[in-house]
Peer 1: 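Let me begin by handing over the structure; questions about it come next.
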Amino acid sequence: MGAGARASACHALRVILPLVLVAVLCRCDPDLLVDYCVADTTVATAGALHLNWLACIDPVLARADHFATSALSRATNPDATLFGFNVTLTSPAASLPGANAQGLAMARIDLAPGGMAPLHSHPRASEVALVLKGSVLVGFADTSYRLYTQLLRAGEAFVFPRAMVHYLYNVDTAAPAVVLSGLNSQSPGAQLLPFSAFRTEPRLPDEVLKKTFKITGQDVQRIQRHLGGF
């Protein structure tokens, strides 16, 4: 290999290696080096390091029920909620210890008649939503502000790419709807746009909200009241 080729190869390595390292380090849920890591819910977390998963029990103590849950079988009543929806999310600490460090979570979304899971995103996960009951209008907007929307009925599913702003709306004003979601992170996170804009603590400056949404100060106060804040 000539000097020029070696120089080019070294330059390419200097460019590619940091990118590879960044890609590895930025993964949300790292791969396990063991078969499973059943969460040890008895370990105190106060003052402990914040890791991507909970501490594991001894694998020989694992039981079948660690990998099962009935948490999503129980319906909740979303009628009295602000937007008419409730979410039940599996948790290794509370309902599904066998899912610890597996890079996944499941959620049940109960939608009241005419209820909606408003515009929101999951910064650490993609989501696939399967309608179990009812008719649900779903959609997401990409970074080019193109909207992808679909009306789903029972048995039909839709994918929300990671971090894309999306919604689920029960178009039936007379009957509830139920959606089951799978997310590819143990801690997908959820950021509701209305709350991110109007329910932060401390609150965003009114001038920022007025200029962002082209509204008046009275509009800001009215929206904040309607969202139950301030």
Side-chain angles (χ1 to χ4, degrees), residues 28-29 36 38-39 41 53-54 63-142 146-196 227:
C28 303
D29 295 5
Y36 47 80
V38 175
T41 59
W53 53 64
L54 303 178
R63 306 186 308 268
D65 61 288
H66 286 141
F67 302 92
T69 182
S70 60
L72 304 181
S73 67
R74 296 185 287 271
T76 60
N77 183 8
D79 291 338
T81 61
L82 184 61
F83 295 103
F85 84 106
N86 269 334
V87 176
T88 304
L89 184 69
T90 59
S91 163
S95 59
L96 192 55
N100 186 42
Q102 296 297 328
L104 60 87
M106 293 184 294
R108 173 186 174 131
I109 302 100
D110 287 289
L111 295 162
M116 176 178 63
L119 293 171
H120 65 283
S121 66
H122 303 294
R124 295 181 291 275
S126 302
E127 176 182 4
V128 57
L130 171 68
V131 174
L132 300 181
K133 175 183 177 182
S135 298
V136 182
L137 182 67
V138 300
F140 72 89
D142 65 15
R146 180 175 178 181
L147 177 65
Y148 298 85
T149 185
Q150 186 81 21
L151 179 62
L152 304 180
R153 293 178 174 83
E156 297 178 335
F158 194 82
V159 172
F160 302 118
R162 177 179 173 181
M164 296 292 100
V165 174
H166 60 283
Y167 63 89
L168 302 95
Y169 170 50
N170 181 8
V171 297
D172 192 335
T173 58
V178 181
V179 178
L180 178 67
S181 284
L183 303 107
N184 66 338
S185 173
Q186 178 169 316
S187 179
Q191 189 168 26
L192 274 67
L193 265 63
F195 290 175
S196 293
L227 292 178

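Heavy-atom basis, side chains included; hydrogens, waters and symmetry copies ignored.
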Peer 1: Between the main-chain N or O of M106 and the side-chain N or O of T90, is there a donor-acceptor pair closer than 3.5 Å?
Peer 2: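 Yes, the answer is positive, given that a donor and an acceptor are paired below the 3.5 Å cut-off.
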Peer 1: Counting N and O atoms only, with roles assigned by atom type, does the side chain of N86 sit under 3.5 Å from a partner on the main chain of N77, one being a donor and the other an acceptor?
Peer 2: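 A pair under 3.5 Å: yes.
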Peer 1: How many angstroms lie between CZ in R162 and CG in L183, if you round to the nearest 0.5 Å?
Peer 2: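 With rounding to 0.5 Å, CZ (R162) is 12.0 Å from CG (L183).
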Peer 1: Might you confirm whether atom CD of Q191 has over 12 heavy atoms from other residues, nucleotides or ligands at distances under 6.0 Å?
Peer 2: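 Not buried by this count: 12 neighbours or fewer within 6.0 Å.
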Peer 1: Could you check whether the rings of F160 and F140 sit parallel, tilted or perpendicular, using 30° and 60° as the cut-offs?
Peer 2: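 Correct class here is perpendicular.
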Peer 1: To the nearest 0.5 Å, how far apart are CE in M116 and OG1 in T81?
Peer 2: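 Here the rounded value is 10.5 Å.
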Peer 1: Between P118 and F85, what is the shortest heavy-atom contact and its length?
Peer 2: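 That closest heavy-atom pairing would be CD-CE2, 3.5 Å.
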Peer 1: Measuring from atom OG of S91 to atom CG of L54, what distance do you get when rounded to the nearest 0.5 angstrom?
Peer 2: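 Between S91 OG and L54 CG, I get 7.0 Å after rounding to 0.5 Å.
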Peer 1: Less than 4.5 Å apart, any side-chain heavy atom of P92 and any of V38?
Peer 2: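 The answer is no; the side chains never approach within 4.5 Å.
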Peer 1: Taking S181 for the side chain and E127 for the main chain, is one N or O donor matched with an acceptor at less than 3.5 Å?
Peer 2: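 Side chain of S181 to backbone of E127: no pair is present.
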Peer 1: What's the shortest heavy-atom distance between V128 and A157, and which atoms?
Peer 2: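 That would be CG2-CB, 4.3 Å.
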Peer 1: If you look at every heavy atom in A93 and T41, which pair is closest and at what distance?
Peer 2: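 For A93 and T41, the tightest heavy-atom pair comes out as O-CG2, 3.4 Å.
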Peer 1: If I take atom OH from residue Y169 and atom CG from residue L151, how far apart are they, to the nearest 0.5 angstrom?
Peer 2: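 Interatomic distance, Y169 OH to L151 CG, rounded to 0.5 Å: 11.0 Å.
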Peer 1: If we ignore hydrogens and angles and just use 3.5 Å, is the side chain of Q186 paired with the main-chain N or O of A101 as donor and acceptor?
Peer 2: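 Present.
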Peer 1: List the steps, then state whether side chain to side chain contact (heavy atoms under 4.5 Å, CB included) holds for L227 with F83.
Peer 2: CA-CA 9 Å; L227 292 178; F83 295 103; 3.7 Å; yes
Peer 1: Is there a side-chain contact between V131 and F158, using heavy atoms and a 4.5 Å cut-off?
Peer 2: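 No. Closest side-chain heavy atoms not under 4.5 Å.
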Peer 1: Can you give me the closest heavy-atom contact between F67 and R63, atom names plus distance?
Peer 2: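 Result for this residue pair: CD1-O, 3.3 Å.
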Peer 1: Under the 3.5 angstrom rule, does the side chain of S185 hit a backbone N or O of S187 as a donor-acceptor pair?
Peer 2: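 The answer is yes, because a donor-acceptor pair under 3.5 Å joins these two groups.
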Peer 1: Between atom CG of L137 and atom CG of D172, what is the distance when rounded to the nearest 0.5 Å?
Peer 2: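 The CG atom of L137 sits 13.0 Å away from the CG atom of D172.
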Peer 1: Contact between N184 and L104 at the side-chain level, heavy atoms closer than 4.5 Å - yes or no?
Peer 2: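 A side-chain contact under 4.5 Å is absent here.
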Peer 1: Which residue pairs satisfy the salt bridge (Lys or Arg N to Asp or Glu O under 4.0 Å) criterion with at least one member in residues 88-110, sequence neighbours excluded?
Peer 2: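 Sorted pair list: R108-D110.
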Peer 1: Which heavy atom of S135 sits nearest a heavy atom of R153, and at what distance?
Peer 2: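 Looking at all heavy atoms of both residues, the shortest contact is OG-CG, 3.8 Å.
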Peer 1: I would like to know whether K133 and L111 meet side chain to side chain contact (heavy atoms under 4.5 Å, CB included); could you show each step before the answer?
Peer 2: CA-CA 10 Å; K133 175 183 177 182; L111 295 162; over 6 Å; no
Peer 1: Check whether any side-chain heavy atom of I109 sits under 4.5 Å from a side-chain heavy atom of V136, and report yes or no.
Peer 2: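 Not in contact.
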Peer 1: Set out, in order, the CA-CA distance, both residues' side-chain angles and the distance that settles side chain to side chain contact (heavy atoms under 4.5 Å, CB included) for D142 and M164, then state yes or no.
Peer 2: CA-CA 6 Å; D142 65 15; M164 296 292 100; 4.1 Å; yes
Peer 1: What's the shortest heavy-atom distance between A71 and S95, and which atoms?
Peer 2: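 In this case the closest contact between A71 and S95 is CB-CB, 3.9 Å.
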